[in-house]
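Read the structure below first, then the notes.
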Amino acid sequence: MKLWEGRFTEPSAKNADDFNQSLSFDYKLYWHDILASIAHVKMLGETQIIPKEEAETIGDNLVNILADIEKGKLTIEGAEDIHTFVENELVKRIGVKGKKMHTARSRNDQVATDLRLYTKDSIVNVSNHIKNLITTLLDIANNNVQYIMPGYTHMRKAQPVSVAQYINAYSEMFLRDLERFTDCYKRTDVMPLGSCALAGTDFPIDRRMTASLLSFSEISQNSIDAVSDRDFVAEYIFCCSTLMAHLSRFCEDLIIYSTDEFGFIEISDAYSTGSSIMPQKKNPDIPELIRGKTGRVYGDLTAILTVIKGIPTSYNKDLQEDKGALFDAEDTVLACLSIFTDLLKNISFDTRKMRFAAGGGFTTATDIADYLVQKGMAFRDAHAVTGQIVRYCIENNKTLDKLDLFVYQNFSSLFDEEILQRVKVGKSVEARKVIGGSARSAVRENIRSITRRLNRMFKE
Ligand code: ARG
């Protein structure tokens, strides 16, 4: 049965019903829809808007409906949307009393409430997945503080860095993602129920009671806005999008670093794929798919932003399209976080190759320039002198750490014995003791700081 047939003389067309329905996707809201209804009828009973015994009967039956769905005894089908489905089922079980559930409520504030409850739970779930990922990264970082790899800018060797410092860079990104989700939670944690269709209600409802039963921290303050505010959905998908951007960049690195040409890391067979034609191939399909699915989540963000940009004030049916974007972004992010964390637990580093690569490409040239500056030369001049030394090495097929002191001294009289140490890769990494730098002490402090911030986020 439809909830709105009264004023119509003709039944709706089958294809109009099919087009209008949302049950095929909003069934996912069943848990939160029933929960919100249980709180709503409890409040209706407490405020004596409906008789208390009737409220209790409705509440008990809603609990049973929920249990039956959970046990697979009740299939969600045959209604326009999840709200209609639950109400029809209730009326089937307790007759006309069930129809009182919708007193002082509209599907407009109902769906907005369901979606906020759902999104709050989803934020908690995604955040736990991010926490697992960061914990895995911290383990990897802890085991690799002493190892050195080339750091790149413009995808060209730049300066040597610690492997742990590189891994920590991603932990920092994922920590920011966690913070973004936590912040999004605050704005999602506002209850619209009681806004009804758009104007509020003339029943003496107790919105604070319902909000506290549903663990909402705040209640919305303007009913017209509350029924059509989907900013939280857009914000949630934006949080998903930045998270995916970070996963995608990491995947890009792993794909490059696991090539024969680099050979820095090995992705285990369990998380690799083969080729149907080339027997020798071991392909990184999983990181490639995560990189690809990033585009999909960006698509969800574009979808929700486009849905909300054109609707006139208050509820419009366009908003039904919020769910596809939200659910798809959520499913994609959860799948990617799970598989990526497992994949990371199964990679190994070839620290010898990384160390060797860090020595090529004149990665300690900046150390030479800095050395000259410390001896009194202006940085611009030091940069130019060092450039000439690098050119000399290229032309004579030499490396910076293999040059004799007198060669250095031909370029500047400021050089002494110490330069022969300073151009060593290990010394270069250790020299950067600044907060956030590559020295072991700084990297260990970075690990401690990430751990502290992570723990703090989960204490609140
Ligand atoms: N299925 C609808 C949605 O997702 C529920 C709200 C319907 N409200 C209405 N006035 N038709 O937005």
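The basis for the numbers below is simple: all heavy atoms, side chains too, and nothing from hydrogens, waters or symmetry mates. In each ligand, atom 1 is the first atom listed, and ligand 1 is the first ligand listed.
In this structure, F327 has its ring center under 6.0 Å from that of Y118.
For the pair R355 and Y147, the cation-pi criterion (under 6.0 Å, within 45° of the ring axis) is not fulfilled. For the pair K353 and F262, the cation does not sit on the ring face, since its NZ or CZ is not both under 6.0 Å from the ring centre and inside 45° of the axis.
In this structure, Y236 and F181 have perpendicular ring planes: the angle between them is above 60°, well past the 30° mark.
Residue N108 approaches ligand 1 through these ligand atoms, each under 4.0 Å from one of its heavy atoms: 8 (N), 9 (C), 10 (N).
Any N or O atom pair closer than 3.5 Å counts here, and Y315 shares at least one such pair with ligand 1. Residue H83 has no N or O atom closer than 3.5 Å to an N or O atom of ligand 1.
When only non-hydrogen protein atoms are considered, atom 1 (N) of ligand 1 lies nearest to Q320 OE1, 2.7 Å. Looking at atom 11 (N) of ligand 1, its nearest protein heavy atom turns out to be R107 NH2, 3.7 Å.
Partner of E321 under the side-chain contact (heavy atoms from CB on, under 4.5 Å) criterion, out of T306, V307, I308, L326: V307 alone.
Proximity of K323 to ligand 1, defined as any heavy-atom pair under 4.0 Å, is confined to the side chain (atoms from C-beta onward).
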